[in-house]
Amino acid sequence: MKKRLVVFDLDGTLAPLGQGVEQKDLDILKKLNECGMKLAICSGKPTYYLCGFARQIGIPDMILLGENGSVIQFGIHLPPQIYCTLPYERSVKSALRQIEEDISSMIPGIWFQPNSVAVTPFPRNEEEFDRIEEYLDEHKELLEGIETFRHGDSFDFVPGGITKYDGLQKLTQMTGITADEMIAVGDGINDLPMFSYAGLALGIGLEDPEPVDRNFDTITDALGYILELITEDEEDKK
């Protein structure tokens, strides 16, 4: 089936952590867009962060899914024309705020990503990571209904039932683009849900390539493969 949308994870996938898209990759992204392919970023970062990042790419109609799919924004302009937050239980919202307050009291000065839904603390060293892990072991009752992801530089606490899978499912409702028409590209554990939703799943440097259809060493290789697929689709139409 013809692919109409490519959804990229950000850090470690579309760009190295804390860096921009390399020019050679930017050129391919623009070619994909010129071919009529819709592009999206689905990340643990909030949409306002993704908005600033997407401006560097120079594709104004990019779709942004922040906080692991819980917040969706169409386009890079603020305020956005289309913006929504996936619903979740009030009790989960209360538990997330409690987790944030407790970690803040336990580790003074720790930085939290300014999210709309999720709670994302950034421990500064291994000791702080361990203290948060110990806190979670001691307060398992707070985690009911919450998904927890540990990354190399942070934790993500997200309402259960809101993963990148759910973000893409909501995107199908909003755009009419089906799962089979989507390509998901990612590099980490929080990308597994979108791998399971999209019709074509591409990994970047995955240690275990089983969840994806193809695993690439670099994003450049993956983008080249996608462009080849799209070009073949265009040739088939002629």
Side-chain angles (χ1 to χ4, degrees), residues 7-15 17-18 40-53 64-73 78 80 83-171 184 186-197 211:
V7 185
F8 299 94
D9 172 54
L10 178 53
D11 292 324
T13 299
L14 195 55
L17 181 65
I41 299 175
C42 188
S43 168
K45 294 290 192 296
T47 53
Y48 84 91
Y49 178 99
L50 300 179
C51 183
F53 183 89
L64 309 174
L65 297 90
E67 301 178 46
N68 289 297
S70 60
V71 182
I72 300 175
Q73 171 180 326
L78 297 175
Y83 180 91
C84 73
T85 299
L86 273 62
Y88 60 104
E89 296 292 333
R90 183 175 297 179
S91 60
V92 172
K93 182 176 183 178
S94 177
L96 287 169
R97 298 288 75 80
Q98 186 65 55
I99 291 170
E100 183 174 13
E101 289 176 11
D102 290 347
I103 292 175
S104 182
S105 297
M106 183 176 65
I107 308 176
I110 190 171
W111 186 76
F112 288 86
Q113 185 172 278
N115 295 334
S116 299
V117 174
V119 172
T120 306
F122 281 73
R124 292 160 290 195
N125 51 53
E126 196 60 33
E127 180 184 351
E128 292 184 355
F129 269 105
D130 290 343
R131 291 181 69 185
I132 293 175
E133 291 280 12
E134 290 171 5
Y135 167 82
L136 298 178
D137 287 340
E138 295 169 1
H139 298 81
K140 291 182 179 177
E141 73 283 353
L142 278 177
L143 299 179
E144 186 174 346
I146 294 175
E147 296 281 349
T148 303
F149 300 100
R150 176 172 174 167
H151 307 293
D153 60 351
S154 63
F155 286 88
D156 274 330
F157 300 99
V158 184
I162 300 183
T163 66
K164 293 188 177 184
Y165 182 104
D166 302 280
L168 296 192
Q169 189 174 54
K170 179 65 175 179
L171 201 55
D187 77 318
I189 188 170
N190 64 336
D191 298 317
L192 297 180
M194 72 173 184
F195 289 156
S196 67
Y197 186 79

Hits for side-chain contact (heavy atoms from CB on, under 4.5 Å) against T85, two or more places apart or cross-chain, chain-then-number order -> V71, Y83, V117
side-chain contact (heavy atoms from CB on, under 4.5 Å) filter on F129, not counting sequence neighbours, yields P123, E126, R150, F155
d(Y197 OH, T163 OG1) to nearest 0.5 Å is 11.0 Å
Rounded to the nearest 0.5 angstrom, the OG-OH distance for S70 and Y88 is 7.5 Å
**Prompt:** Less than 4.5 Å apart, any side-chain heavy atom of D166 and any of Q169?
**Reply:** yes
message: Applying side chain to side chain contact (heavy atoms under 4.5 Å, CB included) to H151 and T120, what does each step give before you reach the verdict?
response: CA-CA 10 Å; H151 307 293; T120 306; 6.0 Å; no
Heavy-atom side-chain contact between V119 and I146 under 4.5 Å
no
### Message
Tell me whether E67 contacts the main-chain N or O of A118 through its side chain, where contact means a donor paired with an acceptor under 3.5 Å.
### Response
yes
Of all heavy-atom pairs linking G167 and I72, the shortest is O-CD1, 3.8 Å
On a heavy-atom basis, the closest approach of P121 and F112 is CB-CE2, 3.5 Å
Separation between CE (M194) and CG (L171), nearest 0.5 Å, reads 12.0 Å
* Asked: So, do I103 and S105 sit near enough that their side-chain heavy atoms are less than 4.5 Å apart?
  -> no
Separation between CD1 (I132) and CG (D102), nearest 0.5 Å, reads 11.5 Å
task = Could you tell me whether E89 atom CD has more than 12 heavy atoms of other residues or ligands within 6.0 Å of it?
result = no
inquiry  = Under 4.0 Å between a side-chain nitrogen and a carboxylate oxygen: does that hold for R97 and E100?
reply    = yes
### Query
More than 12 non-hydrogen atoms from neighbouring residues, nucleotides or ligands closer than 6.0 Å to CD1 on I189, yes or no?
no
Closest heavy-atom pair, G18 versus D11, reported as atoms and distance to 0.1 Å, is N-OD1, 3.9 Å
Closest heavy-atom pair, F53 versus A15, reported as atoms and distance to 0.1 Å, is CZ-CB, 3.9 Å
field: Check: D156/N68 side-chain N/O donor and acceptor closer than 3.5 Å
entry: yes
To the nearest 0.5 Å, atom CZ of F157 lies from atom CG of L143 at 7.0 Å
| Are the side chain of D191 and the backbone N or O of G188 linked by a donor-acceptor pair below 3.5 Å? | yes
On a heavy-atom basis, the closest approach of Q73 and C51 is NE2-SG, 3.9 Å
Requested in this report: May I ask you to test the L65-L50 pair for a side-chain heavy-atom distance under 4.5 Å?
Outcome: no
| message | Keeping K164 on the side-chain end and C42 on the backbone end, is there a donor-acceptor pair under 3.5 Å? | response | yes
Notebook entry, point to check: How far apart are the C-alpha atoms of Y135 and L142, what are their side-chain angles, what is the distance that settles it, and do they pass the side chain to side chain contact (heavy atoms under 4.5 Å, CB included) test?
Noted result: CA-CA 10 Å; Y135 167 82; L142 278 177; 3.2 Å; yes
- Between P114 and Y48, is any pair of side-chain heavy atoms under 4.5 Å apart? yes
Judged by atom type as modelled, is there a donor-acceptor pair below 3.5 Å linking the side chain of T13 to the main-chain atoms of D187? yes
Exercise. Among side-chain atoms of N115 and Q113, is any donor-acceptor pair under 3.5 angstrom?
Worked result: yes
Quick check: do I107 and R124 have side-chain heavy atoms less than 4.5 Å from each other?
yes
